[in-house]
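These notes concern the structure reproduced below.
Residues: numbered from 1 along the sequence shown. No hydrogens, no waters, no symmetry mates; every other heavy atom, side chains included, goes into these values. Counting convention: from 1, in listed order, for ligands and their atoms alike.
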Amino acid sequence: MVDNLIWLRGQLVRQSTAFVNLLSPTAQFGLNVFEGIRCYWNEENGELYAFRLKDHLNRLMLSSRLLRLPSPYIPKQLESFMKDVVQANDFQTDIAVRMTLFGDGQGTWHTCESVSLFIAPMAKQRTNLDKLPALKACISSWERINDNSLPPRAKVGANYINGRYAHLQARYDGYDLPVFLGQDGKVAEGAGACLFMLRNGQLVTPPVNSSVLESITRNTIIVLAKDAGMTVVERSIDRTELYLSDEVFLCGSAAEISPIVSVDGYELGNGQPGNTTISLLKSYLAITSGENPAYSEWRTVVHRRT
Ligand SMILES: Cc1ncc(COP(=O)(O)O)c(C=O)c1O
């Protein structure tokens with residue numbers, strides 16, 4: 001087992017020796033807020049770049065505020081702890097960093113105390129452009145959680161149980177992944193990623209008040225696509241529009257840009273990852289890794305080769 005150093009309650013410890021109480025609210029009820037932050041290694045520069053770190057830290061604060069799970073730390077401290085743990089592991093490869101504020105100790109689900117932090121970096125390669133995924137999606141019969149039940153705007157551990165129901169049902173039914181509809185019957189997002197479709201030459205994505213996480217990658221794609229001269233529209237999407245679209249992809253820090261080639265068996269385009277999807281993915285990876293020096297404000301150096 002890979003046994004990286006992780007940051008837990010102010011100390012760097014091996015993952016295999018990092019424990020929480022079995023009766024803690026995080027273990028019992030998923031009482032935690034977290035971020036998944038990708039860092040991209042640039043071999044030529046000998047630098048590791050966290051992508052849109054400040055936006056991730058701000059969203060962690062937003063989630064913590066909404067859930068009334070107060071953070072003992074401010075973003076500046078979190079950034080410094082993250083650099084400490086990444087450098088202690090001397091990662092010279094692409095990584096993903098899980099940063100989690102969690103209900104520690106032995107309280108119950110409504111406790112607002114004993115909030116602890118862990119930061120766990122792990123190796124994770126970027127999407128291989130020579131081996132693109134070609135995903136078959138279905139519209140889930142499970143409905144996306146909504147702002148008046150379990151707000152998707154907050155990135156809370158317990159939210160992912162909604163994704164679990166849909167994901168496992170999709171796999172059981174022979175698909176790769178689900179696409180959720182919201183309470184209004186319109187397209188929301190995937191189980192752990194936002195969604196875009198290309199239809200009539202326009203890139204369309206559901207608005208941020210349509211039961212989706214306020215995704216940082218979604219925002220990145222809107223900026224990149226507009227800067228490349230594309231028309232980007234934020235509006236609600238019918239399920240049948242997905243069936244008739246030319247391209248659909250999911251996006252997220254983990255998913256990056258993942259091409260979907262069919263929805264409920266309706267083949268999109270020629271049944272292969274579409275050209276717009278591939279070109280956005282190429283430009284996304286060039287920017288995250290600093291191969292394209294533009295958008296430098298989105299990259300934070302978290303480690304350097306010595
Ligand atoms: C439910 C959900 N939607 C969307 C996303 C994409 O968000 P981001 O681009 O900020 O990683 C994620 C991934 O974190 C997610 O879990």
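Interface atoms of ligand 1 facing Y160, defined by a heavy-atom separation under 4.0 Å, are 15 (C), 16 (O). The ligand atoms of ligand 1 that sit less than 4.0 angstrom from a heavy atom of G252 are 6 (C), 9 (O), 11 (O). Counting atoms of ligand 1 from 1 in the listed order, those under 4.0 Å from a heavy atom of R144 are 1 (C). Interface atoms of ligand 1 facing E189, defined by a heavy-atom separation under 4.0 Å, are 1 (C), 2 (C), 3 (N), 4 (C).
Ligand 1 lies out of reach of E35, whose nearest heavy atom is not under 4.0 Å from it. Ligand 1 has C194 within reach: a non-hydrogen atom of the residue lies less than 4.0 Å from it. At least one heavy atom of A191 sits under 4.0 Å from some atom of ligand 1. Residue-ligand proximity: E214 is placed with every non-hydrogen atom at 4.0 Å or more from ligand 1. Using 4.0 Å as the threshold, A193 has a heavy atom nearer than that to some atom of ligand 1.
Between E247 and T277, the side chains place a donor N or O and an acceptor N or O closer than 3.5 Å (distance only, hydrogens not considered). At a cut-off of 3.5 Å, with distance as the only test, no side-chain donor of Y49 or N42 sits close to an acceptor on the other residue.
Taking any N or O of K155, backbone or side chain, at least one lies under 3.5 Å from an N or O belonging to ligand 1. Distances between N or O atoms of L213 and those of ligand 1 include no value under 3.5 Å. Polar contact check, R59 against ligand 1: a nitrogen or oxygen pair lies under 3.5 Å apart.
Residue S215 touches ligand 1 through backbone and side chain together, judged by heavy-atom distances below 4.0 Å. Neither the backbone nor the side chain of A255 has a heavy atom within less than 4.0 Å of ligand 1. Residue R38 does not touch ligand 1, judged by heavy-atom distances below 4.0 Å.
Every pair tested for salt bridge (Lys or Arg N to Asp or Glu O under 4.0 Å) that includes a residue from residues 12-24 fails, sequence neighbours excluded, so the list is empty.
At the shortest separation from atom 12 (C) of ligand 1 among protein heavy atoms lies G192 O, 3.1 Å. S253 OG, 2.6 Å is the protein heavy atom nearest to atom 11 (O) of ligand 1. Atom 9 (O) of ligand 1 has as its closest protein heavy atom T217 OG1, 2.5 Å.
N21 approaches A27 most closely through the heavy-atom pair O-CB, 3.8 Å.
Using bins of under 30°, 30° to 60° and over 60° for the plane-to-plane angle, the ring pair W41/H303 lands in the tilted bin.
The six-membered or imidazole ring of F34 lies near that of Y160, with a centre-to-centre distance under 6.0 Å.
Under a 4.5 Å side-chain heavy-atom cut-off, the cluster of Ile, Leu, Val, Met, Phe, Trp and Tyr residues that includes L129 is completed by Y40, F51, L132, F196, L198, L203, I221, I222, V223, L224, M230, V232, F249, I257, I278, L280, L281, Y284, L285, I287, Y295, W298.
Each of L48, N4, I119 was evaluated against V86; a single residue qualifies, L48, per the side chain to side chain contact (heavy atoms under 4.5 Å, CB included) test.
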**Prompt:** Hey, mind stepping through L5 and V13 against side-chain contact (heavy atoms from CB on, under 4.5 Å) and telling me if it holds?
**Reply:** CA-CA 5 Å; L5 285 167; V13 293; 5.9 Å; no

**Request:** Please step through side-chain contact (heavy atoms from CB on, under 4.5 Å) for the pair M122 and R98, ending with a clear verdict.
**Result:** CA-CA 8 Å; M122 56 209 103; R98 177 71 53 83; 4.0 Å; yes

**Stepwise side-chain contact (heavy atoms from CB on, under 4.5 Å) test for D147 and N209** = CA-CA 8 Å; D147 203 46; N209 61 353; over 6 Å; no

